[in-house]
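Heads up, the thing below is written out as structure tokens.
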Amino acid sequence: MARSALVTGGSRGIGLAIARELAAGGDDVAVTYRSGEPPEGLLGVHCDITDTAQVDAAFTRVEEEQGPVEVLVANAGITKDQLMLLMSEDDFTSVLDTNLTGTFRVVKRAVRGMLRRRRGGRIVLISSVVGLMGSGGQVNYAASKAGLVGFGRSLARELGSRGITVNIVAPGFIETDMTAALPEERAAEIKKNVPLGRFGSTGEIAAAVRFLTGENAGYITGAVIPVDGGLGMGH
Ligand SMILES: NC(=O)c1ccc[n+]([C@@H]2O[C@H](COP(=O)([O-])OP(=O)(O)OC[C@H]3O[C@@H](n4cnc5c(N)ncnc54)[C@H](OP(=O)(O)O)[C@@H]3O)[C@@H](O)[C@H]2O)c1
């Protein structure tokens with residue numbers, strides 16, 4: 001039977017690839033989008049995850065259209081890179097508010113429905129290799145992505161007895177708008193440090209997410225799965 005899945009930030013990049021992969025696996029898939037048009041063939045719900053009322057409204061719409069969310073992928077995220085001494089407090093808190101607190105808002109709303117349904121659920125949080133290794137110029141982003149690991153593992157403990165798994169995917173450098181913004185020399189330098197010698201594709205992240213939300217991953221929770229070409233060596 002088709003499950004009701006929701007991917008935040010699913011109108012482009014990694015989120016869109018995840019949404020398409022879950023749909024290919026037979027799930028009914030909704031995506032949140034903020035700007036532009038929602039992707040064809042998926043249920044698009046307008047939502048800014050920094051606003052609790054918008055998150056609530058988006059879930060209500062998804063519940064009406066395809067039933068309570070059984071599979072949640074918290075993918076929406078932003079960067080605002082700057083060296084720490086030059087970083088404004090707003091650049092720090094706004095990245096935390098989207099990447100970490102935004103995930104809290106979305107996951108909290110999803111879990112309510114999962115508990116009410118009493119049939120378990122799957123939650124995947126999209127972190128980053130940078131959260132585990134650190135990265136100069138990204139104290140805000142790295143803190144938010146490291147925070148997702150503690151958040152996800154704590155939640156995995158809270159929800160395990162209810163049959164809800166919570167896992168974290170930590171992508172390395174993936175070809176999307178986010179990495180297209182990197183200067184060419186910086187991209188070349190990064191590739192030198194990736195054992196597999198290239199950036200990853202969005203499909204490679206989507207495949208890991210599909211596995212974690214699938215039947216074969218029923219005994220995996222609280223895990224951090226790196227999909228990074230070896231950059232983080234398993235961390
Ligand atoms: N690309 C990489 O190399 C890489 C590596 C590690 C981790 N990641 C993580 O993977 C996730 C997806 O990255 P990506 O490269 O696909 O990024 P992207 O192309 O920049 O897309 C980001 C997505 O997040 C959405 N979003 C941002 N702020 C939001 C908000 N306040 N409310 C709702 N949606 C919001 C965007 O919506 P709009 O289209 O409306 O702006 C967009 O759909 C992010 O969490 C990122 O940190 C990416």
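Computed over heavy atoms, backbone and side chain alike; hydrogens, waters and symmetry mates excluded. As the structure lists them, so they are numbered: ligands from 1, and atoms in each ligand from 1.
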Side-chain donor/acceptor of N99 to backbone N/O of I78, under 3.5 Å: yes

Report the residues that fulfil ring-ring contact (aromatic ring centres under 6.0 Å, His included) with F59, sequence neighbours left out, ordered by chain and then residue number. none

Not counting sequence neighbours, list each pair that qualifies as a salt bridge (charged side-chain N to carboxylate O under 4.0 Å, His left out) and has a residue in residues 119-146. none

Residue shell around ligand 1, heavy atom under 4.0 angstrom: G9, S11, R12, G13, I14, R34, S35, C47, D48, I49, T50, N75, A76, G77, I78, T98, I126, S127, S128, Y141, K145, P171, G172, F173, I174, T176, D177, M178, T179

ring-ring contact (aromatic ring centres under 6.0 Å, His included) partners of F173, counting only residues at least two apart: F199

Counting distance only, does the side-chain N/O of Q54 pair as donor-acceptor with the main-chain N or O of D48 below 3.5 Å? yes

Side chains of I220 and T165: closer than 4.5 Å at any heavy-atom pair? no

